[in-house]
Number of protein chains: 2
Amino acid sequence: MAFCAGLSTQQFRRFMTVLGQASIDPGVTIFREGDPALNLYTITAGAVKLYKLLSDGRRQITAFLFPGDFFGLSVHEGYAYTAESMTPVVLCRFPRRKLEALFDELPMLEKKLLGATTQELAAAQEQMLLLGRKTARERVATFLVVLWRRLGDKTPVFALPMSRSDIADFLGLTIETVSRTLTGLKRDGLIALPDANHVAIQRLDDLLCIAEGG
Amino acid sequence: MAFCAGLSTQQFRRFMTVLGQASIDPGVTIFREGDPALNLYTITAGAVKLYKLLSDGRRQITAFLFPGDFFGLSVHEGYAYTAESMTPVVLCRFPRRKLEALFDELPMLEKKLLGATTQELAAAQEQMLLLGRKTARERVATFLVVLWRRLGDKTPVFALPMSRSDIADFLGLTIETVSRTLTGLKRDGLIALPDANHVAIQRLDDLLCIAEGG
DNA sequence: CGCCCCGTTGAAGATGATCAAATCTTGTGG
DNA sequence: CCACAAGATTTGATCATCTTCAACGGGGCG
């Protein structure tokens, strides 16, 4: 795990004393927006989504997270979003109080957390650009390229671990528009869709060009 | 300034050795997206906007910043966004290398920076909800309430330091829609507009209700 | 005084949403 | 193994919100 990389054996032993592990099924709510923010989590295996809701049920997914990512940091007493597993997930759980004590012993951990949070913030700003200014086609193209890179860009084919509904709520669209847009990209030969949950990138350059609004 | 609060006299003297100050005019670009991220800035006075551009000129403002806020943190070598003054601004500039050395001496500073970044991230997630799922009316209502709170909610009247164009690029709308929506809120008696750059909140509860999608 | 920029207002148009239905997938039980 | 039910995805038709295009008004500054 990235979070504990670079620790000595002794430091690592200390590190392990503050963490708990958990394996959870798909579709489980790990915590809800507003719950007391007692833990910080890192993902060992699986995929997690974070989202916020409006009172009438409208939902915005703010991030899809994968192994190595962390979540659950909060300035105030409560979490700012809900976290839910999308697949079977293995988590490390760090109780907030213990973690803060550990920071004093291992300042490197705090630096890593700051770096990870800064990266999350940059991703959030990129997503604001997408939500505020990109067309449906640009949003879907961006989503596919970013996800492909995140899941390891060895092969052009990759699995979508999330439903159309999740994609729609991440991109600020409806499921119908996501479906139509994917069909359109397929029709134009930019991607292939072996089945509903797999995408094959066929013309990466053109896809990138669309994603950047060119 | 919040960043140096709680330091002893001696620590503060050390703190002052790493920072430079700058006064700048309105409309000045402090740095551009992609520039080498050499400095971290905090705002002493004035207002700053951060934004990202698409190649065809479409712009998304990701934040309006005010005294006490910081900006310029970056994981990679380059800034992730452009920063521009909206008013006359007084800044503190922290060279990145010196600041990192200072962190080892004053771990409290790093904790504060982590807290501030976490808060920025929460604000970004709230903005994603706005951009992805709120209507124009809800966006403008949210914007007014949040700005009013940020600028000090003593009096219901406050000045908008930014143009309609900036508001539009922050809310993912056009200037025409922003203008029409403000007119609509005024017509419905929720706000008053003494002039184009001043807003008076008249029915906060109703405005909050709209902002939350209720 | 007059120009220019900013903001407002109006009319027409387009993108994406909504409503509706068909198709495909998956899991269950006979 | 097959039939069936439930849910997810795709496709189609219509609709609404917001954008685009256009024109007008007003305040500030030369």
Side-chain angles (χ1 to χ4, degrees), chain A residues 25-27 49 54 56-61 84 86-88 130-144 159-188 191-199 210 213, chain B residues 25-27 49 54 56-61 86-87 130-144 159-188 191-199 210 213:
Chain A
D25 291 328
K49 64 189 173 199
L54 291 173
D56 62 0
R58 278 175 286 172
R59 182 178 70 151
Q60 180 65 40
I61 293 181
E84 186 180 323
M86 299 196 292
T87 64
L130 178 149
L131 292 169
R133 288 302 179 215
K134 289 187 183 178
T135 65
R137 193 175 168 88
E138 290 164 356
R139 293 182 200 201
V140 172
T142 305
F143 170 70
L144 292 177
L160 298 176
M162 69 290 285
S163 67
R164 293 291 185 273
S165 174
D166 285 346
I167 297 173
D169 283 348
F170 183 60
L171 299 181
L173 301 169
T174 60
I175 54 177
E176 293 94 329
T177 298
V178 170
S179 180
R180 274 187 255 271
T181 306
L182 284 169
T183 303
L185 292 173
K186 175 183 173 183
R187 175 178 34 74
D188 299 342
I191 61 170
L193 298 168
D195 67 81
N197 292 319
H198 288 265
V199 176
I210 293 170
Chain B
D25 291 328
K49 63 189 173 198
L54 291 173
D56 62 1
R58 277 174 287 172
R59 182 178 69 152
Q60 180 64 41
I61 294 182
M86 299 195 293
T87 65
L130 179 150
L131 293 169
R133 288 302 179 215
K134 289 188 183 177
T135 65
R137 193 175 169 89
E138 290 164 355
R139 292 182 201 200
V140 172
T142 304
F143 170 71
L144 292 177
L160 298 176
M162 67 290 285
S163 67
R164 294 291 185 273
S165 174
D166 284 347
I167 298 173
D169 283 348
F170 182 60
L171 299 180
L173 302 169
T174 60
I175 54 177
E176 293 94 331
T177 299
V178 170
S179 180
R180 275 187 254 269
T181 306
L182 283 170
T183 303
L185 292 174
K186 175 183 172 184
R187 174 178 34 74
D188 298 343
I191 60 171
L193 299 168
D195 67 80
N197 292 319
H198 288 266
V199 177
I210 293 171

For atom [atom1] of [X] and atom [atom2] of [N], their distance in whole Å:
X	N	atom1	atom2	answer
A:D56	C:dT18	CG	C1'	15 Å
B:E176	D:dT20	CD	C1'	7 Å
B:L171	D:dT17	CG	C1'	16 Å
A:E138	C:dA14	CD	P	18 Å
A:R187	D:dG12	CZ	C1'	15 Å
B:L193	D:dG26	CG	P	16 Å
B:H198	D:dG27	NE2	P	14 Å
A:I175	C:dC19	CD1	C1'	12 Å

[X] vs [Y] side-chain heavy atoms within contact, under 4.5 Å:
X	Y	result
B:R180	B:T183	no
B:R139	B:R133	no
B:T177	B:T174	yes

Atom pair CZ/CG of B:R187 and B:L193 - distance to nearest 0.5 Å: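 These two atoms lie 12.0 Å from each other.
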Sugar-phosphate, base or nothing in reach of B:L173, heavy atoms under 4.0 Å: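 It contacts sugar-phosphate atoms only.
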Touch class at under 4.0 angstrom, heavy-atom based, for B:G172 against every strand present: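 Since only primed, P, OP1 and OP2 atoms lie under 4.0 Å of B:G172, the category is sugar-phosphate.
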Nearest-neighbour nucleotide for the B:S163 side chain, C:dG16, C:dG7, D:dT19 considered: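 Side chain of B:S163 sits closest to C:dG7.
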Examine [N]: is either OP1 or OP2 under 4.0 Å from a nitrogen or oxygen in the side chain of [X]? Give yes or no.
X	N	result
A:T183	D:dT11	yes
B:S179	C:dT8	yes
A:T174	C:dG16	no

Pairwise 5' ranking along DNA chain C for A:N197 and A:V178, keeping only the more 5' one: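 The answer here is A:V178.
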Pairwise 5' ranking along DNA chain D for A:S165 and B:T177, keeping only the more 5' one: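 The residue mapped nearer the 5' terminus is A:S165.
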Name of the residue among B:L54, B:D169, B:L131 meeting side-chain contact (heavy atoms from CB on, under 4.5 Å) with B:Q60: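 Testing B:Q60 for a side-chain contact (heavy atoms from CB on, under 4.5 Å) against B:L54, B:D169, B:L131 leaves exactly one candidate, B:L131.
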No-H, no-angle donor-acceptor pair, A:R180 side chain to C:dT18 base, under 3.5 Å: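 Indeed, a donor on one side and an acceptor on the other fall under 3.5 Å apart.
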